Amino acid sequence: AAELHWCYKVQVEPSNYTCLGPDKWGGNCQKSRQSPIDIVTSKVQVNKSLGPFSFSGYNEKLEWTVQNSGHSVVMLPTTTDGTEVAIAGGGLPARYQVTQFHLHWSRLMDAGSEHSINGEHFAMELHIVHQKEEGTSGNQNDAQDSGDDTAVLAFLVKPGPKVNDGFRPLVEALSKIPRPEMNTTIGGISLLDFLPNEEKLRHYFRYLGSLTTPTCDETVIWTVFEEPIELHRDQILEFSDKLYYDEKQRQNMTDNVRPAQDQGQRTVYKS
Ligand SMILES: Nc1nc(-c2ccc(Cl)c(S(N)(=O)=O)c2)cs1
Ligand SMILES: [Zn+2]
């Protein structure tokens, strides 16, 4: 089965078993520091050193490439003038630069997030992926495998009564990229357009884990914010209705959610 590509559980049968579901993913995916996890709030440890984040460039109106990656919709910043979009603080050991953001979702409003809180899943989960900025030491290469080379900010999404205006450009772009490898661009958008107000971002969970997609590298310092993002139900359903996993547009892209992994000996901290 080595040559089979990885996929989500929902794709295994419709693809006639020509892809590997989560229990068969290779790489580091069967190791013991994996993501996502269920966050049991009664067992988290308050860590007072988990202070506020400082977001730089998050308010910059940028142009983004919007891509159907075959597993998610991925937004890549096309910053040309080198404006850095980065985070620091929040108990992170360094400054981390944004590389992309993407989402996970379902048609079921309680099954589309990867992380869950006390067993409760949300409608979607937004991941902003950052890479660690190495100092002048230039030891980029060997630092690549350090346990905290990647920082992902995770936001849970729930259905609300109002249309979320910040998401309109992304939702409207989805119908342009139905098939894998298709791209489009949207301009004049800042990351803050997608997020809850900054003053609501002081409360978050923190733990060490992995990419939730193969090769599941155990290099991620996870932040899961308590404050959810609210989207109208119709906006959430657009992702499953307009995007496809396959060239033939037979398999709607939905339930791109990895099952919860064992927490093992890890502690989840709380700001
Ligand atoms: N093209 C795609 N890339 C990803 C991806 C890449 C890096 C990361 Cl860190 C992640 S995740 N879910 O762990 O945040 C997902 C998904 S789909
Ligand atoms: Zn993700």
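Each ligand, and each atom within it, is numbered from 1 in the order the structure gives. Predicted model, so just to flag it, every value in this text is computed and none were measured.
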Checklist entry - Angle class for the His71/His5 ring planes (parallel below 30°, perpendicular above 60°, tilted otherwise)? => result parallel

Checklist entry - So which heavy atom in the protein is nearest atom 13 (O) of ligand 1, and how far is it from that ligand atom? => result Thr212 N, 2.8 Å

Item to check | Cationic N near anionic O, under 4.0 Å, Asp246 to Arg179 | outcome: no

Next on the checklist: Please list, in number order, the atoms of ligand 1 under 4.0 Å from a heavy atom of His102.
Outcome noted: 5 (C), 10 (C), 11 (S), 12 (N), 14 (O), 15 (C)

Checklist entry - At a 4.0 Å threshold, what atoms of ligand 1 neighbour a non-hydrogen atom of Val152? => result 9 (Cl), 14 (O)

Checklist entry - Has His104 got any heavy atom lying under 4.0 angstrom from an atom of ligand 1? => result yes

Item to check | Where ligand 1 meets Val74 - atom numbers and elements under 4.0 angstrom, heavy-atom basis | outcome: 1 (N), 2 (C)

Next on the checklist: Which of the numbered atoms in ligand 1 are under 4.0 angstrom from any heavy atom belonging to Ser69?
Outcome noted: 1 (N), 2 (C), 17 (S)

Item to check | Ion pair check, Glu133 and Arg95, cut-off under 4.0 Å | outcome: yes

Checklist entry - Around the Zn ion (ligand 2), what protein N, O or S atoms are found below 2.8 Å? => result His102 NE2, His104 NE2, His127 ND1

Checklist entry - Just distances here: any N/O of Ser72 and N/O of ligand 1 closer than 3.5 Å? => result no

Checklist entry - Going by the angle between their ring planes, with limits at 30° and 60°, are Tyr58 and His130 parallel, tilted or perpendicular? => result parallel

Checklist entry - In the protein, which heavy atom is nearest to atom 16 (C) of ligand 1, and how far is it? => result Thr213 CG2, 3.8 Å

Checklist entry - Around Glu199, counting heavy atoms of other residues, nucleotides and ligands shown, do more than 12 lie under 6.0 Å from its CD? => result yes

Next on the checklist: A quick test of your reading: do over 12 heavy atoms of other residues, nucleotides or ligands sit less than 6.0 Å from CZ of Arg233?
Outcome noted: no

Checklist entry - If you look at every heavy atom in Pro180 and Tyr245, which pair is closest and at what distance? => result CG-O, 3.0 Å

Checklist entry - Mind checking whether Phe101 and Trp64 have ring centres under 6.0 Å apart? => result yes

Next on the checklist: Tell me whether Gln100 reaches ligand 1 (any heavy atom closer than 4.0 angstrom to a ligand atom).
Outcome noted: yes

Checklist entry - Hey, is Asp255 close enough to Arg107 for a salt bridge, meaning N to O under 4.0 Å? => result no

Next on the checklist: Taking the six-membered ring for Trp, are Phe194 and Phe155 closer than 6.0 Å centroid to centroid?
Outcome noted: no

Checklist entry - Under 4.0 Å from ligand 1, counting heavy atoms only, is it the side chain of Leu211, its backbone, both or neither? => result both

Checklist outcome for this item: All heavy atoms of Trp105 vs all of Ser240, minimum pair found to be CD1-OG, 3.2 Å

Checklist entry - Taking heavy atoms and a distance under 4.0 Å, where does Phe101 meet ligand 1: side chain, backbone, both or neither? => result neither

Item to check | Enumerated ligand 1 atoms positioned under 4.0 Å from heavy atoms of His127 | outcome: 11 (S), 12 (N), 14 (O)

Checklist entry - Do you know which of Lys270, His203, Arg202 makes side-chain hydrogen bond (donor to acceptor under 3.5 Å, both in side chains) with Glu226? => result Lys270

